[in-house]
2 protein chains.
Amino acid sequence: MQDSLRRFKADIFQALAHPTRIAIIELLEGGELSAGELMERLGMEQANISQHLAVLRSKQLVVNRKAGNQVFYAVRDPIIIKVLALMRRYFQKHLKEALELLSEMDGSSVVQRQ
Amino acid sequence: MQDSLRRFKADIFQALAHPTRIAIIELLEGGELSAGELMERLGMEQANISQHLAVLRSKQLVVNRKAGNQVFYAVRDPIIIKVLALMRRYFQKHLKEALELLSEMDGSSVVQRQ
DNA sequence: ATACTATATTCGAATGTTTGAATATTCCAA
DNA sequence: TTGGAATATTCAAACATTCGAATATAGTAT
């Protein structure tokens, strides 16, 4: 059980482990939005957004509600929003190192190392 | 910037998105441990633990301290521990659905669907 | 019925992650 | 300085994720 609990947590982190999906959750922090609105605000392919929404749905991080033609999405549990808020705090706290990490990831590093 | 911030967050979630790495962080919640102790308690291959530690190090989720022969690891920032604590709350709150999700993942589902 | 709009799914190529086996490094002790 | 213990790295195979293009479904209006 210990291990499958950890698999469960890992799967949720996995679902959060993509910039587009984080953007979706952050957009939904202000309340529910339709798939189309998410698509517009993110400026990405329709299919791509829909695929990311499918990931978030499959891990139950979001719930959806059909209204006629459209499908509205919302974050299922505010705990997830809290998790992202903690991440923001973490980022701010470690801003300097975070920026160094980011530039290394870019391959545009200006950071000294010995 | 908005987007690279999200890439940063996504990378941290990615680092947490593995049961073994979650186990490592949870073991470290009680204080620092050597790589060897982690290996023993997790009962996994030496190389495997070391690789997972390398992932956690590269995203700066843990810090390490060499002491003679050994390397001791610790969680860098308690915020990460808080994140995992939130996940525990989330899990407890959604225990029923979580169990269903887990059994689906196992392929050993006993859950009814229509 | 037909056409239109909104959303979802499937497919395959590209890319990234995970693993154990083998090997390397580092430190200490004899 | 040789040997052993602790840890890290490299490699390649297996597996998973991501993307856009194409296609499917479902609702609404004509």
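The chains referred to below are lettered A, B, ... by the order of the sequence lines, with proteins before strands, and numbering in each begins at 1. Because the structure is a prediction, the values reported are computed rather than measured.
Residue A47(B) has its side chain nearest to dT9(D) when only dC11(C), dT26(C), dT9(D) are considered. Across dC19(D), dT7(D), dT9(C), the shortest atom-to-atom separation from the side chain of S50(B) is found for dT7(D). Nearest to the side-chain atoms of R57(A) among the listed nucleotides dT18(C), dA8(D), dT9(C) stands dT9(C). With dT7(D), dT9(C), dT28(D) as the candidates, the nucleotide lying closest to the side chain of A54(A) is dT9(C). Minimum atom distance to the side chain of N64(A) is reached by dA8(C), of the listed dA8(C), dT19(C), dA6(D). Among the nucleotides dC19(D), dA8(D), dT19(C), the one closest to the side chain of H18(B) is dT19(C).
Contact annotation for A35(B): backbone-only contact, meaning every heavy-atom pair under 4.0 Å involves sugar-phosphate atoms and none involves a base. Among the atoms of the strands shown, only primed sugar atoms or phosphate atoms (P, OP1, OP2) are found under 4.0 Å from some heavy atom of S34(B).
At least one side-chain nitrogen or oxygen of N48(B) sits closer than 4.0 Å to the OP1 or OP2 atom of dT19(C). For Y73(B), a side-chain nitrogen or oxygen approaches OP1 or OP2 of dA8(D) to under 4.0 Å. Taking side-chain N and O atoms only, H52(B) has a distance below 4.0 Å to OP1 or OP2 of dT19(C).
Using a 3.5 Å distance cut-off with no hydrogens or angles, the side chains of Y73(B) and R57(B) do pair a donor with an acceptor.
On a pure distance criterion of 3.5 Å, no polar donor-acceptor pair joins the side chain of Q51(B) and the base of dA8(D).
A straight line from CD of Q70(A) to P of dT7(C) spans 5 Å, rounded to a whole angstrom.
The aromatic rings of H18(A) and H52(A) sit tilted, their planes meeting at an angle between 30° and 60°.
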